[in-house]
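Please read the structure below before turning to the comments.
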Number of protein chains: 2
Amino acid sequence: MRPIAQPHHHAGHSGHTGHPGHTGRRPGDSGAHDAILLAARLEFGESGYDGATIRAIAARAVVDPALVHHYFGSKEQLFEAAVELSVSPAAFLPAILAGDRERLGEQIVERFLTVWEEPHNRPVFMAMLRSVISNEQAADLVRRLLVKEVFGSLAVALGVPDAELRATLAGSQFIGLALIRYVGRVEPLASADVGTVAVAVGPTIQRYLTGEIG
Amino acid sequence: MRPIAQPHHHAGHSGHTGHPGHTGRRPGDSGAHDAILLAARLEFGESGYDGATIRAIAARAVVDPALVHHYFGSKEQLFEAAVELSVSPAAFLPAILAGDRERLGEQIVERFLTVWEEPHNRPVFMAMLRSVISNEQAADLVRRLLVKEVFGSLAVALGVPDAELRATLAGSQFIGLALIRYVGRVEPLASADVGTVAVAVGPTIQRYLTGEIG
DNA sequence: GTGACAATTCTACAAGCGTTGAATTCTCTG
DNA sequence: CAGAGAATTCAACGCTTGTAGAATTGTCAC
């Protein structure tokens with residue numbers, strides 16, 4: 001990754017004073033900005049960071065490649081914008097912890113799958129997953145975010161020993177599940193409904209987080 | 001992927017008659033062929049199929065990029081040669097099936113990890129894993145090979161219903177485990193010894209293959 | 001030595017990449 | 001209608017990629 005550069009963007013020298021900003025999107029606007037963002041999510045999701053090209057993204061958005069640059073500055077900044085999370089994984093923790101402790105694993109798996117299923121943020125997750133694996137630097141980000149913060153704090157909150165090991169074990173099952181089901185689309189796991197998978201995988205997570213693992 | 005082309009290789013019009021072939025490597029040979037193969041495994045393992053470049057592989061082998069081409073014909077053929085498996089996953093099945101049925105999961109996990117640990121074929125697996133994720137076409141290969149043939153036949157051999165679903169579930173745990181432990185190197189799972197991981201993950205596989213999942 | 005032939009390198013091409021700045025079109029204001 | 005400024009496109013740069021063929025070097029048999 002190169003050092004992050006500033007986009008010159010479509011703001012003069014002093015900014016957008018007196019009219020709605022670029023994110024407000026006033027009526028009559030063609031919406032190329034958002035079209036590019038959507039195309040970027042899809043392309044990054046299908047090809048990963050390195051595989052996706054500005055030109056392909058532009059073509060998908062039916063737009064000139066230079067326009068992509070004009071709005072987002074660089075490929076890296078476009079990726080960051082495309083991968084912006086709409087859901088905070090940690091936000092579900094309190095609700096899950098408050099529920100039935102014996103069905104905790106099942107509930108987490110169900111939540112995980114439900115979020116993935118949503119067509120809106122599926123490309124985002126795909127992009128993250130694919131890019132994390134092919135791009136060494138991006139790995140550290142999700143590595144710490146997902147495994148340590150989310151599952152880590154969950155394991156700690158449960159008050160069990162070996163919290164970190166438990167967190168990584170659970171994380172490994174989730175990563176693998178997403179990879180097989182959504183990226184690889186291997187049947188029959190890919191088409192199994194959320195409930196079935198939750199019942200099948202839930203006990204695994206349950207045991208990793210609260211059961212006997214040594 | 002482009003159509004597979006023939007390497008012009010260093011065999012004349014009639015082949016190597018009268019002396020050991022190119023795979024035999026007679027003494028005095030500098031061994032550039034094998035050096036390229038090793039470098040290719042390392043590069044593909046670190047960067048995936050698309051990320052690895054012929055030039056980087058050649059540099060790692062301290063060799064001219066054109067030589068790589070002369071020996072292996074194309075990048076794709078080089079990849080195929082580099083990813084040639086030295087161990088047949090299915091070969092372990094009879095031994096595992098003959099063992100204690102209640103420790104089956106643990107034994108498989110231990111076998112899986114042991115094979116991965118070996119420095120000799122670790123880069124090969126890394127290359128497979130990384131490339132499968134970034135290269136859509138290569139996915140089909142391992143998809144069918146690993147999940148369907150290996151775990152599939154295992155689940156079928158055990159005589160349980162839902163063999164395919166069970167196979168993909170087990171496969172997802174293995175993929176995730178390899179990804180976290182070897183590719184992402186997330187601690188403490190990355191440094192935990194094989195026995196510890198086998199005991200922790202074994203029951204998961206045991207249940208997916210033989211237990212109650214619905 | 002001299003020829004044959006494999007091993008290796010040099011040079012170069014065509015294609016695709018991210019990126020850039022100038023030129024053009026569009027849209028609204030006054 | 002004129003003009004300003006955003007939205008968008010054109011054309012091109014420098015670079016890296018896989019690949020190809022000619023040229024060079026090394027090595028052994030006769």
Side-chain angles (χ1 to χ4, degrees), chain A residues 1-22 24-36 40 43 47-59 61-79, chain B residues 1-36 40 43-44 47-59 61-79:
Chain A
M1 282 187 181
R2 299 176 198 78
I4 296 176
Q6 297 298 333
H8 35 298
H9 210 21
H10 58 301
H13 50 290
S14 66
H16 41 72
T17 56
H19 64 77
H22 61 285
R25 203 126 303 290
R26 60 176 175 280
D29 220 335
S30 73
H33 181 278
D34 291 3
I36 292 169
E43 284 292 323
S47 314
Y49 181 82
D50 297 319
T53 71
I54 297 270
R55 284 170 160 90
I57 292 168
V62 201
V63 138
D64 191 274
L67 190 60
V68 178
H69 230 92
H70 199 253
Y71 277 125
F72 295 95
S74 74
K75 184 181 183 182
E76 185 170 329
Q77 287 175 277
L78 173 61
F79 178 74
Chain B
M1 283 188 183
R2 299 174 198 80
I4 296 176
Q6 298 296 335
H8 32 299
H9 209 19
H10 58 300
H13 49 290
S14 65
H16 40 72
T17 55
H19 64 77
H22 62 286
T23 54
R25 206 126 301 290
R26 61 176 173 279
D29 220 334
S30 72
H33 181 278
D34 292 2
I36 291 169
E43 284 293 322
F44 282 130
S47 314
Y49 180 82
D50 296 318
T53 70
I54 297 270
R55 284 170 160 88
I57 292 168
V62 200
V63 139
D64 191 275
L67 190 60
V68 177
H69 232 90
H70 199 252
Y71 276 124
F72 295 94
S74 74
K75 184 181 181 180
E76 185 170 330
Q77 287 174 277
L78 173 60
F79 179 74

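Reminder, nothing fancy here: chain letters follow the sequence lines and each chain counts from 1.
- In this structure, A:I54 places its CD1 atom 17 Å from C1' of D:dT16, rounding to the nearest Å.
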Pairs: protein N or O with nucleotides 9-14 of chain C N or O, under 3.5 Å:
{"unit_1": "C:dT9", "atom_1": "OP2", "unit_2": "B:D64", "atom_2": "N", "d": "3.0"}

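- Scored by the side-chain contact (heavy atoms from CB on, under 4.5 Å) test, A:A40 finds A:F44, A:I57, A:L78, A:A82 as partners (sequence neighbours excluded).
- Within the structure, every side-chain polar atom (N or O) of B:H69 is placed at least 4.0 Å from both OP1 and OP2 of D:dG18.
- Rounded to an integer number of Å, the gap from CD of A:E43 to P of C:dG18 is 11 Å.
- For the side-chain contact (heavy atoms from CB on, under 4.5 Å) test, residues two or more places apart in sequence or in another chain that qualify with A:A58 are A:V63, A:P65, A:V68.
- If you take OH of A:Y49 and C1' of C:dC17, they are 12 Å apart, rounded to a whole angstrom.
- Between its opening and closing five pairs, the helix from C:dG1-D:dC30 to C:dG30-D:dC1 changes axis direction by 10°, a value rounded to 10 degrees.
- In this structure, A:A52 and A:K75 approach most closely via the heavy-atom pair O-NZ, 2.8 Å.
- Of the candidate nucleotides C:dA7, D:dT8, D:dG18, C:dA7 has the atom nearest to the side chain of B:Y71.
- One atom, CD1 of B:I57, and another, C1' of D:dT17, lie 12 Å apart when rounded to the nearest Å.
- In terms of heavy atoms, A:F72 sits closest to A:Q77 at O-CB, 3.2 Å.
- Protein atom NE2 of A:H33 is 11 Å distant from nucleotide atom P of D:dT8, rounded to whole Å.
- B:A56 comes within 4.0 angstrom of no nucleic acid atom, judged by non-hydrogen atoms across all strands.
- Here B:A66 pairs with B:D64 under the side-chain contact (heavy atoms from CB on, under 4.5 Å) rule; sequence neighbours left out.
- Among the protein residues, A:A61 comes within range of no part of the nucleic acid, since none of its heavy atoms lies under 4.0 Å from any strand.
- Here D:dT19 presents its C1' atom at 13 Å from CG of B:L78, a figure rounded to the nearest Å.
- Expressed to the nearest 0.5 Å, how far CG of B:L67 lies from CD1 of B:I54 amounts to 11.0 Å.
- Rounded to whole Å, the distance from NZ on A:K75 to P on C:dC17 is 9 Å.
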